[in-house]
Every structure is written in structure tokens, then in C-alpha cells.
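Below is one structure, written out as C-alpha cells, with a few remarks after it.
As the structure is a computational prediction, the values presented were derived from the model and not from experiment. Residue numbers run from 1 in the order of the sequence given.
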Amino acid sequence: MLAVARCIATEHDASMIALAVLVCSLGTVVVTQMFEQARASRAMARMCWIVLTSVAAGATIWCTHFVSMMGYAANAAVRIDPLLTVFSLMVAVAGTSLGLWVALAGAALRSAAIGGALVGAAAAAMHFLGMAGYRLDGLIHWRLEYVATAPLLAMALAGAALVVLCGERLGRARIPLAAGLLVAGILSMHFTAMTAMEVASFAPDESSANSDDRHALGLATALVGVIAMAASIAAALVDRRTRAEAFRHLRRLAMTDSLTGLTNRPGFNEALTSRLAAAERAGTKLALIAIDLDRFKEVNDLYGHKAGDDVLATLARRMSEHLRAEDLIARLGGDEFVALVECRNREELLVPLGRLEAALTAQVDLEGFAGSVGASIGVAVYPDDALTAETLSTNADLAMYRAKREGASEPCFYDAGIDEVARRRTELAHDLRIAVQTGKLELHYQPQSRVRTGEVIGYEALLRWKHPTLGTVPPSVFIPVAEEHGFMVTLGEWVLRQACADATKWPRACKLSVNVSSQQLNKPGLLELCERVLRETGLPTHRLELELTETAIMENRERGLEVLRRIQALGVSVALDDFGTGYSSLEIMRRFRFDKIKLDRFFASELGDSNQALAIVRAVLELGRSMSIPVLAEGIETRKQLDILIREGCEEAQGYLLGRPVPLESLVDEDAVRSGPRGYSMTDCPSRTAAAQ
């Protein structure tokens with residue numbers, strides 16, 4: 001170490017050494033930064049960065065060596081071989097490129113250590129090749145211990161530098177630390193190698209360049225190195241800027257709706273979060289306005305999707321123009337829009353809400369469409385109605401749904417008392433949909449019996465749902481929820497399929513009755529569904545009976561009756577359910593011959609107490625006999641009601657007196673399906689089966 005220090009102090013010009021250290025320090029900072037870019041890149045981009053980093057590293061090593069040599073006092077005539085000097089630069093670049101590639105080729109730090117050692121070896125090779133082109137007029141003696149030590153120092157320190165760079169423990173501090181190790185490796189290698197050289201000159205240096213010339217050459221070399229490094233820095237900056245612009249462009253595309261140019265759902269969610277935080281800091285209010293177009297589906301259906309897209313773009317532009325620059329309007333998808341408006345109170349919202357209404361209700365005149373669309377608008381205000389982004393969005397949607405449900409001509413503000421009911425129904429719908437998907441529903445079967453003998457002739461499938469937290473939810477609650485939220489068809493398909501599969505497991509071949517909703521009847525595919533389910537389950541067609549109410553049929557009478565005729569043609573029975581509660585019973589019966597009439601439970605409940613109810617029951621029974629259609633009375637719960645039905649000649653009945661709904665497991669019990677309860681007679685109350693208790 002003392003010999004190296006003496007070599008630096010006595011045999012080198014201090015100003016040139018300072019310049020070399022400066023060039024080396026600047027270069028290694030550039031190299032470490034560019035190496036970080038190479039690490040973050042992949043495939044071809046990584047290779048380009050490796051080449052660019054290698055050029056900067058090779059130039060740094062070469063310039064440090066050359067500037068230092070210009071400060072070396074050889075006391076002998078010196079000639080520089082230009083070919084070897086240029087070749088030494090190429091060796092530095094090529095060797096460094098190999099080392100960096102090895103360092104990044106593997107994920108382990110061992111690859112970084114090996115790559116760093118190769119970089120150090122390239123620096124040492126450049127030095128000794130450069131010294132071969134440094135021709136002295138004298139004898140040179142090499143001290144081998146220093147010749148061997150110089151490459152080892154370069155390899156060890158460069159290897160440590162790349163290990164530090166490729167590690168993650170030191171965070172951003174690893175970059176300056178790695179740069180320092182690399183500077184130490186280059187300089188220690190150079191000056192150790194220079195210490196190894198002892199020169200015995202033949203004659204005083206009278207023809208060599210004087211000190212000023214060497215300084216000028218050293219400065220020129222340093223300038224060339226700085227230019228090379230600056231070119232690398234410029235390339236890196238251009239790349240960063242290009243990537244930043246590309247990222248901004250991609251982000252803009254990702255956050256923007258392509259049709260309207262408005263912010264899309266991801267962009268809106270991000271803006272909502274940031275604006276809520278800003279409103280909290282400033283102590284202001286933020287209104288979230290949910291907008292759903294009312295007649296947009298009609299535009300698509302009647303005029304085509306091109307006209308629908310033009311309407312959306314026009315309304316989006318109008319809403320943007322009617323709001324302030326600081327307000328935000330976004331399209332979440334389809335015909336759903338939202339707006340964010342800062343305000344001090346609800347009264348202040350009336351102005352922007354009025355502008356939005358005007359934009360949405362004004363006449364739209366486009367090629368292919370002319371008319372007004374209109375919208376349902378719901379408003380929730382932070383922090384009055386919610387404290388989080390998710391709750392605020394949900395509450396605005398609830399207010400909007402209320403506006404749509406009520407056909408409100410003005411925006412509806414969130415009302416906890418009213419909208420919480422809708423929220424609970426929405427949550428219940430979500431849970432019901434999951435129950436359908438996961439098979440958490442079950443079917444119970446209520447017997448249908450002959451009133452005189454008690455013989456079980458069939459079972460009606462009744463849907464049951466046990467909610468994981470609410471317990472048993474009655475059908476009168478969850479069926480309307482399914483209809484309101486549009487998955488009654490899916491629910492009905494599950495019931496039909498499961499009931500038919502269960503019926504094949506019954507010990508006796510009784511008839512199976514399944515209720516069909518209006519949504520199922522009016523949506524295409526009911527006939528095909530029946531065919532498919534019967535084929536897949538193997539249930540004979542004559543065992544299946546579909547029950548429909550008069551209301552379901554009247555929603556689309558002509559089409560509904562045609563579907564029922566085709567279903568009857570399969571051999572499936574069709575029963576008219578809840579007879580007597582509709583508004584066109586006789587007309588429907590004139591147009592279509594049902595296989596059974598089910599008398600509504602309302603009339604049975606008043607038998608024995610109401611002469612009018614008795615008269616209606618007699619009339620229906622007589623109607624059935626005259627048309628040869630069996631009549632089944634629902635809701636029989638007392639012996640008195642049953643006696644009246646027997647006296648009036650009713651043949652079939654259903655109700656708690658004759659049997660309660662039970663699950664499949666109870667029906668497969670032989671005692672539960674035998675012909676009639678024990679001890680049944682016309683004078684005794686029918687005993688309930690064990691399964692019906």
C-alpha cells in the first residue's frame with residue numbers, strides 16, 4: 001500500500017489524478033443508473049441497455065486510464081500506439097458487455113458476482129493492453145506481485161459492486177455504494193498496476209511532449225469521455241421520456257371510455273377516492289350523482305346500435321358542457337353515467353342537477369334518430385349520506401333506482417329510511433343468486449289427495465330457502481325479489497330440473513306439479529327446457545304438470561297460450577292455478593283447455609262462514625264438471641272445509657289438513673307415499689302421515 005501511495009504522490013501529476021478521479025466518478029454514477037434500467041427491462045430492451053451501459057463503462061475505464069497516464073512522469077521519451085490504444089477501448093467495452101450480461105442472466109447473486117468479476121477482468125485487460133501501446137524509450141521491469149494484485153482488486157471490487165446493485169436489502173442506498181465500489185476497483189487496479197512498473201530510461205525526455213501538452217491531451221481525453229457519457233445519459237433520458245409518455249398514453253386509454261371520451265369506471269373509482277380525501281381535508285361536501293338513461297334500450301332496439309352509440313356520445317358531450325370544469329362526469333358502462341360535484345350544501349346542487357336534467361331531456365336530433373331519452377337520477381352526498389367511496393356509490397345507486405322505480409321526474413336524494421329497504425332487498429337478491437349457484441336451496445313436496453279416499457295422487461314442488469343468517473325466508477319474500485332482480489327464469493329452471501330429478505326417486509309414480517312464473521312463460525325457451533329436462537332426468541311426460549296463474553298468461557296471452565299448447569302436445573299437463581282471483585278466467589278457459597283447475601285458497605278459507613264463497617265454489621265445480629276438467633281445492637286446513645268439499649262433489653284437495661310440505665328424504669319413506677293416511681274415512685278427520693307432521 002505504501003508503494004502504491006508513493007507511486008501516486010511522486011510519479012503522477014496531482015491535477016491529472018484529480019481529473020481522472022472526477023471522470024471515473026461521473027462515469028460510474030452513469031453506469032450504475034443505466035444498469036438499473038437494464039435490470040428493469042426485459043428481452044431485447046435489456047440487451048440494448050446492456051450494450052449502452054457497456055459503452056459508458058468502457059469509456060469510463062478507458063478515459064480514467066488514459067487521463068492518469070497523461071499525468072505519469074516517465075522521464076523517458078514516450079510514443080503511443082494508436083491501434084493498440086483503440087483496441088484497448090474495444091476490449092473494455094466488449095468485456096464489460098459480457099460481464100453485465102452474465103450478471104443479469106441469472107436471478108442469484110452468484111451471477112452478479114461472476115459478472116462483476118468479468119467487468120473487473122475487462123478493466124485489467126484494457127489497462128495492460130493499453131500499457132502495451134505505451135512505448136517508452138527505456139527498460140521496463142514488472143514487479144509480478146503488483147501485476148497479480150491489480151486484476152484481483154478490480155475483479156473483487158467490481159464483483160462486490162454488482163452484487164450490491166442486484167441485491168435489494170439496501171434500497172436506493174445501494175446505487176451510490178455500488179458506484180463507490182466500482183470507482184475504488186478501477187482506480188486501485190490502475191495505480192497498483194502502475195506501481196508494478198519500474199522504468200529505466202536510456203536518455204532524458206527531451207523530445208516527449210512537455211507537461212502542458214500532456215495536460216491538454218488529458219483534458220481532451222476527459223472531454224471525449226464526458227461526451228460519450230453524456231450521449232449515454234441523453235439516450236437514457238430519451239428512453240425514460242418515451243416510456244413515460246407511453247405510460248401516460250396507456251394510462252389515459254385505460255382510464256377513458258373510448259366511445260364518449262369520458263372517464264371510465266377505473267378512472268372514476270380512482271378520482272372518487274382522491275376527491276373524497278381532498279373533501280375531507282378541506283371540510284367540504286362531495287355529491288355523487290348516479291345517472292341511468294330511461295329509454296336507451298328502445299333506441300338500440302328500434303334504431304340500431306349505431307344510433308345508440310351516437311346518442312350516448314351526444315349526451316356525454318352535453319353533460320360535460322353543462323357542468324363546471326372542476327366537476328367530473330364519467331361513463332361506467334352501457335347507459336350508466338356518474339358525476340362528481342363539489343358543493344357546500346344540498347341547495348347548491350340544484351343548479352348543476354338542473355343543468356344535467358336539461359342536457360338529458362333535450363331533444364336529440366341525429367341521423368337515424370330524433371327524440372328525447374330522459375334519465376333517472378339519484379344523489380348521495382359526502383359526508384351526510386356516507387363516509388366511504390363504496391357506500392357513497394351504493395347510496396347514490398339506491399336513490400337512482402328509487403327514481404326509476406317511481407318514475408320520478410326530478411332527481412332523488414338518498415333517504416336512509418326509504419332506501420335501506422331497497423338495500424336489504426338488493427342484499428337478499430345477491431344472497432339468493434349465490435344460493436341458486438351453489439345449490440343451497442331445497443324443494444319440499446306437498447301432497448295432493450282425493451278427498452273421499454285420502455289417496456295421494458300427486459305432489460306440488462314448493463321452493464324453500466334457509467338463509468345462513470336470516471334463517472328460513474318465506475317464498476312470499478324471496479320470489480318477488482327474484483322477479484324484481486331478473487333471475488326468476490334461472491330460479492325456475494333449477495326448480496324444474498331438481499323436481500323432475502327428485503320425482504324419479506319416488507317409490508310411487510305420482511304426478512309432479514311445478515309452478516311456472518310469468519317471466520318463464522314469456523321468455524323464449526320454456527318448451528325446449530321442458531323437453532331437455534324430461535330427457536335428461538328420464539321422467540315420463542305424463543307425470544309432469546305445470547301450474548300457471550291467470551296473471552302470468554295474460555301478460556302476453558297469445559304467445560303464452562301458444563307455448564302452452566305446444567307443451568301439452570308433449571304430453572305434459574297444464575293446470576290453471578289460483579283460479580278465481582284473475583280478471584279473465586272464463587275468457588282464458590274458452591281459448592285454452594286446461595288439464596286441471598286449482599281453486600284459490602281464499603275461497604276454501606271462507607267455506608262454512610260465507611254463503612258467497614260457497615256459491616262460487618259450487619259454480620266452479622259445476623264449470624269443471626261441464627267441461628270435464630278436474631277441480632282441486634287449495635288451502636284445506638279444517639275438517640269442516642273438507643266436509644263441505646265432499647258434499648259439493650269436489651274430488652281433489654290440497655292443504656295442511658291432508659299433508660304439509662316435506663323434503664325429499666321424507667317422501668322416499670314408504671309410509672309417506674302409500675295410498676292414503678291410516679284410518680281415513682268420510683266420517684273421521686284424515687290422520688296426517690308421519691312425513692307430514
**Study point:** Pair Thr388-Thr391, side-chain hydrogen bond (donor to acceptor under 3.5 Å, both in side chains): steps then yes or no
**Key:** CA-CA 5 Å; Thr388 65; Thr391 307; 2.8 Å; yes

Practice item. For the pair Arg110 and Val163, evaluate side-chain contact (heavy atoms from CB on, under 4.5 Å) and give the outcome as yes or no after the intermediate values. Key: CA-CA 8 Å; Arg110 180 174 58 185; Val163 167; over 6 Å; no

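In this structure Arg317 satisfies the side-chain hydrogen bond (donor to acceptor under 3.5 Å, both in side chains) test with no other residue, sequence neighbours excluded. Every residue two or more places apart in sequence or in another chain that forms a side-chain hydrogen bond (donor to acceptor under 3.5 Å, both in side chains) with Thr469 is listed here: His467.
Of all non-hydrogen atoms in Leu392 and Val381, the two that sit nearest each other are CD1-C, 3.8 Å. For Arg275 against Glu326, the heavy-atom pair with the smallest separation is NH1-O, 2.8 Å. In plain terms, the two heavy atoms of Val379 and Pro411 that are nearest each other are CG2-CB, 4.3 Å. Summarising the geometry of Met126 relative to His65, their closest heavy-atom pair is CE-CB, 3.6 Å, with the distance given to 0.1 Å.
When each of Leu157, Thr28, Leu153 is paired with Ile186, the side-chain contact (heavy atoms from CB on, under 4.5 Å) condition holds for Thr28 and for no other. A side-chain contact (heavy atoms from CB on, under 4.5 Å) with Trp49 is found for exactly one of Glu36, Arg39, Met34, namely Met34.
Within the model, atoms CG of Leu162 and CG of Leu181 stand 10.0 Å from one another, a figure rounded to the nearest 0.5 Å. One finds the OH atom of Tyr382 at 13.0 Å from the CG atom of Leu340 (value rounded to the nearest 0.5 Å).
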